[in-house]
Every structure is written in C-alpha cells, then in structure tokens.
**Student:** 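Below: one structure in structure tokens.
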Amino acid sequence: MDVIDADAMTDLGLRSANFPALQEELRKAVTTSNFDPDASRELWQAALDRVGRSLGPQVRAGFETWGNTFPCDADTILPELDAWERTWPDLANVLGASRSASLWREDLLNRYRSTMRKTGFEEKLEGRLSHPLSDWDKTCFRHYADADLTCDGEFFTTLTLGADRLQLARFWRNAAASLSGEQKSVIWKLGQDIWAQMHGAMTDDDLKEMRGEFSDEEDFREALAFLDTYRPKTVELPHPDILLVFA
C-alpha cells in the first residue's frame, strides 16, 4: 500500500535497494488476484513468483525470508515470543518496585522504559494516515478491511504487532550484551514467577473471587468446567535469549 513506504518497511526489518519496484510487483499480484480476500496463500506464492521473474532471485529470496520470519503470527504460532511479550510489562514493574535493586537492574529497567515506547513504524504510520489516502489504498481498504474497523490504523494490526515484537527483541539483544549469564538467570526466574502467577492453577482466593461473580452455584460450576475443558496448556516461559532469534 502507498501508506507503507520504504522507510516504514525498514523499521519492520525489510531492506530493499529498490522498494518502489518491489511494491509495484506486489501491487500487480494483488490486482491479478482480483482482490480476493480469501486467497492469501495463493497471493503470497503469486507475489513471490512475480518478484522473482521481474526483480531476480536475490530480491525474491530476501522478501520471502522477511515474510517467513516477520513475527506477526498469533500466540499459538509463536507462543514463547508471546509469553515474553506479555511478561515484560509486569517484570518491569517488579524491577522498579524493588528497593534493593542493584545497579544492573536499574540500568535494565531504564533501558526497557526508554525503548518500549511507541515504535518508529507506528509513529510513521500514524503520520501518513493523517493525510488523505491514495486511490490505491482506498481500493485496498474497500476490498480487505473489516466493516467493524474503528480506525484506519486497525487495518495494519498485523504489522504493528510485528513491530512491537521486533522492538522487544531488539531491546533484549542490546540489553543482553551487557548482562552476565547469572544476571540473565535472575531475569528468567523473575519472569517465570510472574508467568506462573498469570497462568498457574487457581488458588482458593481466586476461586472465592470468581464465585462472587455468579448468582448461583450451578452457573459457577459450569464456568469452572468450561475453563477446565477449553483452557489451553500454557507454554513454559523459555530463557529470555529466545528473543535473540527475532532480533
């Protein structure tokens, strides 16, 4: 789409010597597909084939590698990454609340707070969306956007999710370079404790609080049975260096 330019894609990890040419081939592939919203797999393959024919195998390989590794998949596909993404905000609070925090913990917390703000991609996207959309982008919105979008930015949720995860991975890459193995283990243990509190078995207090939300015992028991049946097994929080895979 026109609203996503080369500068924004660089923030997402895609570097292309001739992004306009790549963008044009992708546009042709979308047009050829008749904007079919249910043909995503076919469109992806057609786009790769077109890029390979027009721009060469090296450009195709670079674009394909980026597309296959960009961390925008659901938590069921990238559960370990999703686990750390949800753990770090609470972990930062723990680091900030510790009165006996050592210097390295304070440095890590400050680095996290200064890094994990709105991504550069999101800022650029918001800026470009503040201007009228091009005719091409209007056409894409008309064919692909859900009717219940509350704002244009929601259309790009997949990209902003990936941008957030890339930023977290890059934060840890930079932070990990100055941490010892023992310090990383401390962070891992704190994270595991937080993750267990978030997803561990319900305590008696949890059950009492939940019981208060229901007017009768039967509804309460049905809710418990539902949780036991449909609550998926939670992934174990891996060592934080798992983030380096995505940095």
Side-chain angles (χ1 to χ4, degrees), residues 37-41 68-101 105 108-109 112-113 116-119 122 144-169 171-172 184-246:
D38 299 318
S40 57
R41 290 185 180 275
N68 289 334
T69 57
F70 184 65
C72 62
D73 286 313
D75 54 4
T76 55
I77 306 298
L78 299 171
E80 295 86 359
L81 178 57
D82 176 72
W84 270 110
E85 184 181 25
R86 288 194 278 165
T87 297
W88 257 108
D90 288 331
L91 177 54
N93 290 335
V94 170
L95 292 175
S98 176
R99 294 183 178 180
S100 59
R105 291 193 188 191
L108 181 62
L109 175 61
Y112 176 81
R113 287 176 171 170
M116 298 308 297
R117 297 172 178 172
K118 184 177 294 185
T119 66
E122 289 174 290
Y144 294 114
D146 293 332
D148 58 352
L149 285 182
T150 60
C151 66
D152 290 347
E154 286 187 6
F155 185 76
F156 302 93
T157 296
T158 298
L159 294 180
T160 55
L161 171 62
D164 289 340
R165 288 174 166 178
L166 282 177
Q167 186 152 287
L168 178 63
F171 148 72
W172 183 252
K184 290 182 181 179
S185 295
V186 171
I187 295 300
W188 188 16
K189 179 60 170 62
L190 290 172
Q192 287 176 315
D193 291 343
I194 292 169
W195 187 246
Q197 292 172 8
M198 294 168 62
H199 300 283
M202 297 184 72
T203 65
D204 289 341
D205 289 339
D206 293 331
L207 291 172
K208 289 179 181 178
E209 182 177 353
M210 182 177 174
R211 176 63 183 88
E213 298 174 359
F214 294 88
S215 58
D216 59 65
E217 186 69 16
E218 183 177 355
D219 289 345
F220 172 59
R221 294 298 176 186
E222 288 179 357
L224 286 179
F226 179 86
L227 288 176
D228 290 338
T229 301
Y230 294 102
R231 183 167 49 195
K233 183 178 180 181
T234 303
V235 65
E236 295 292 331
L237 190 71
H239 191 280
D241 278 354
I242 188 71
L243 295 171
L244 299 180
V245 175
F246 305 95

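Residue numbers count from 1 along this sequence.
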**Student:** What pair of heavy atoms forms the shortest contact from Leu149 to Ala145, and how long is it?
**Tutor:** CD1-CB, 3.5 Å
**Student:** If you measure from CG on Leu168 to CE on Met116, what distance do you get to the nearest 0.5 Å?
**Tutor:** 5.0 Å
**Student:** Suppose we screen for salt bridge (charged side-chain N to carboxylate O under 4.0 Å, His left out). Which residues come up paired with Glu122, at least two apart in sequence or across chains?
**Tutor:** none
**Student:** Side-chain contact, heavy-atom cut-off 4.5 Å: Leu91 with Trp84?
**Tutor:** yes
**Student:** Looking at residues at least two apart in the chain, or sitting in another chain, which of them share a side chain to side chain donor-acceptor pair (under 3.5 Å) with Arg221?
**Tutor:** Glu217
**Student:** Identify the heavy atoms of Ile242 and Glu80 that sit nearest to each other, and give their distance.
**Tutor:** CG1-CB, 4.3 Å
**Student:** Decide yes or no on side-chain hydrogen bond (donor to acceptor under 3.5 Å, both in side chains) for Asp90 and Trp195, but give the supporting numbers first.
**Tutor:** CA-CA 9 Å; Asp90 288 331; Trp195 187 246; over 6 Å; no
**Student:** Please identify each residue that fulfils ring-ring contact (aromatic ring centres under 6.0 Å, His included) with Tyr112, with sequence neighbours left out.
**Tutor:** Trp88, Phe171
**Student:** Are Thr69 and Phe246 close enough that some pair of their side-chain heavy atoms sits under 4.5 Å apart?
**Tutor:** no
**Student:** Output all residues satisfying side chain to side chain donor-acceptor pair (under 3.5 Å) with Gln167, sequence neighbours left out; order by chain, then residue number.
**Tutor:** none
**Student:** Which residues pass the side-chain contact (heavy atoms from CB on, under 4.5 Å) test with Pro37, sequence neighbours left out?
**Tutor:** Tyr144
**Student:** Are the side chains of Ile187 and Leu108 in touch, meaning some heavy atoms are under 4.5 Å apart?
**Tutor:** yes
**Student:** Going by the rule side-chain contact (heavy atoms from CB on, under 4.5 Å), which residues pair with Leu166 if we only count those two or more places apart in sequence or in a different chain?
**Tutor:** Phe70, Pro71, Arg170
**Student:** First locate atom CG of Leu190, then atom CG of Asp193, and finally report the distance between them rounded to the nearest 0.5 Å.
**Tutor:** 6.5 Å
**Student:** Testing the basics here: between Leu161 and Asp73, what is the closest heavy-atom pair and its distance to 0.1 Å?
**Tutor:** CD2-O, 4.2 Å
**Student:** Just grab all the side chain to side chain donor-acceptor pair (under 3.5 Å) pairs involving residues 152-161, residues at least two apart or on different chains.
**Tutor:** Thr150-Glu154
**Student:** Checking Gln192 now: which residues fulfil side-chain contact (heavy atoms from CB on, under 4.5 Å) with it, not counting sequence neighbours?
**Tutor:** Trp188, Lys189, Leu237
**Student:** A side-chain contact here means heavy atoms from C-beta on lying under 4.5 Å apart; do Arg165 and Asp82 qualify?
**Tutor:** yes
**Student:** Mind checking the SG-CG spacing from Cys72 to Leu81? Nearest 0.5 Å is all I need.
**Tutor:** 11.0 Å
**Student:** With sequence neighbours excluded, what pairs up with Asp219 under the salt bridge (charged side-chain N to carboxylate O under 4.0 Å, His left out) test?
**Tutor:** none
**Student:** Using every non-hydrogen atom in the two residues, find where Leu95 and Leu109 come nearest and quote the distance to one decimal.
**Tutor:** C-CD2, 4.1 Å
